[in-house]
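Before any comments, here is the structure.
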Amino acid sequence: QVQLVESGGGLVQAGGSLRLSCVASGTIFSINAMGWYRQAPGKQRELVATITSIGSTNYADSVKGRFTISRDNTKNTVYLQMNSLKPEDTAVYYCNADLRTRFISSIYENYWGQGTQVTVSS
């Protein structure tokens with residue numbers, strides 16, 4: 001069974017740092033784009049950062065200069081290093097990835113993790 005599992009969330013004071021990890025497991029032949037999204041209470045899910053298979057990155061304006069996305073293709077893992085955290089970064093953070101799970105197919109399917117809570121206190 002293919003799944004994305006996030007870890008690394010928690011409670012941190014404003015100005016602090018956290019590092020999120022997301023591992024894709026199961027029968028996976030290749031991974032295209034990976035990314036992080038977040039959803040705060042009462043708000044829509046929004047993009048935080050994405051990274052392509054060759055390492056090109058994209059960030060929401062609200063996190064540029066503070067967050068860094070990276071990936072380790074040998075471990076099917078994507079990371080999100082979050083520095084200078086602010087209370088408005090409080091949200092559930094979701095991992096997202098486009099996975100090719102069938103050998104005789106060029107189709108990538110989109111998967112979501114279950115989310116990890118990040119809470120930043122003021």
Side-chain angles (χ1 to χ4, degrees):
Q1 182 180 357
V2 175
Q3 59 179 350
L4 300 177
V5 180
E6 302 103 332
S7 62
L11 173 64
V12 64
Q13 289 188 331
S17 298
L18 283 175
R19 188 192 194 205
L20 305 183
S21 300
C22 171
V23 180
S25 63
T27 302
I28 299 169
F29 292 99
S30 60
I31 303 177
N32 200 353
M34 304 183 82
W36 292 94
Y37 292 72
R38 67 186 181 187
Q39 187 167 18
K43 295 187 177 181
Q44 289 189 331
R45 191 173 298 188
E46 63 177 5
L47 179 145
V48 176
T50 60
I51 185 167
T52 68
S53 58
I54 58 172
S56 297
T57 58
N58 179 53
Y59 295 93
D61 288 343
S62 59
V63 307
K64 282 181 182 176
R66 299 187 299 123
F67 291 9
T68 302
I69 189 170
S70 61
R71 63 192 282 174
D72 184 337
N73 292 330
T74 66
K75 297 180 179 179
N76 289 349
T77 301
V78 62
Y79 305 97
L80 186 68
Q81 177 66 43
M82 304 185 294
N83 298 328
S84 303
L85 283 160
K86 304 175 181 179
E88 50 263 43
D89 294 318
T90 295
V92 177
Y93 283 70
Y94 296 91
C95 177
N96 180 269
D98 293 327
L99 310 177
R100 186 168 70 89
T101 62
R102 302 174 187 176
F103 181 70
I104 309 177
S105 174
S106 60
I107 295 175
Y108 287 82
E109 297 171 296
N110 190 255
Y111 287 80
W112 288 94
Q114 291 188 323
T116 184
Q117 176 71 46
V118 171
T119 303
V120 185
S121 63
S122 57

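Predicted, not measured: the structure shown is a model, and the values here were computed from it.
Leu85 and Val48 fall within a single hydrophobic cluster, where Ile, Leu, Val, Met, Phe, Trp and Tyr side chains are chained together by heavy-atom contacts under 4.5 Å. Placement of Trp36 and Val92 in two distinct hydrophobic clusters is found when ILVMFWY residues are connected by side-chain heavy-atom separations under 4.5 Å, directly or transitively. One hydrophobic cluster, built from ILVMFWY side chains closer than 4.5 Å, cannot hold both Leu80 and Val23; they sit in different ones. There is no path of hydrophobic side-chain contacts, each under 4.5 Å, that joins Tyr59 to Tyr94.
Between Tyr93 and Phe67, the ring planes are tilted. Angles from 30° to 60° get that label.
Interatomic distance, CD of Glu46 versus CD of Gln39, reported as 9.5 Å (0.5 Å rounding). One finds the CG atom of Asp98 at 10.0 Å from the CD1 atom of Ile31 (value rounded to the nearest 0.5 Å). Distance check, rounded to the nearest 0.5 Å: OG1 of Thr52 to CZ of Arg71 gives 7.0 Å. Interatomic distance, Asn58 CG to Lys64 NZ, rounded to the nearest 0.5 Å: 7.0 Å. Between the CG atom in Leu4 and the CD atom in Gln114 there is a gap of 10.0 Å [rounded to 0.5 Å]. Distance check: Ile104 CD1 to Phe29 CZ gives 9.0 Å after rounding to the nearest 0.5 Å.
Gln81 contributes no side-chain N or O that, together with a main-chain N or O of Arg19, makes up a donor-acceptor pair within less than 3.5 Å. Within the 3.5 Å criterion, the main-chain N or O of Leu99 finds no donor-acceptor partner in the side chain of Asn32. Using modelled atom types, no side-chain atom of Tyr108 and backbone atom of Ser30 make a donor-acceptor pair closer than 3.5 Å.
Of all heavy-atom pairs between Ala49 and Leu47, the closest is N-CD2, 3.7 Å. Taking both residues in full, the closest heavy atoms of Ala14 and Pro87 are given as CB-CD, 4.1 Å, listed atom of the first, atom of the second, then distance. Summarising the geometry of Ser62 relative to Arg38, their closest heavy-atom pair is OG-NH2, 3.4 Å, with the distance given to 0.1 Å. The heavy-atom pair separating Thr101 from Glu109 by the smallest distance is OG1-OE1, 3.2 Å.
Exactly one residue among Thr90, Val120, Thr119 makes a side chain to side chain contact (heavy atoms under 4.5 Å, CB included) with Val12. That residue is Val120. The side chain to side chain contact (heavy atoms under 4.5 Å, CB included) test with Tyr79 is passed by exactly one of Asp72, Ile69, Leu20: Asp72.
A salt bridge is absent between Asp89 and Lys86; no separation between the charged side-chain nitrogens and carboxylate oxygens falls under 4.0 Å.
Between Lys75 and Ser21 there is no side-chain heavy-atom pair separated by less than 4.5 Å. Side-chain contact check for Trp112 versus Cys95: every heavy-atom pair is 4.5 Å or farther apart. You'll find the side chain of Ile51 reaches within 4.5 Å of the side chain of Met34, heavy atoms only.
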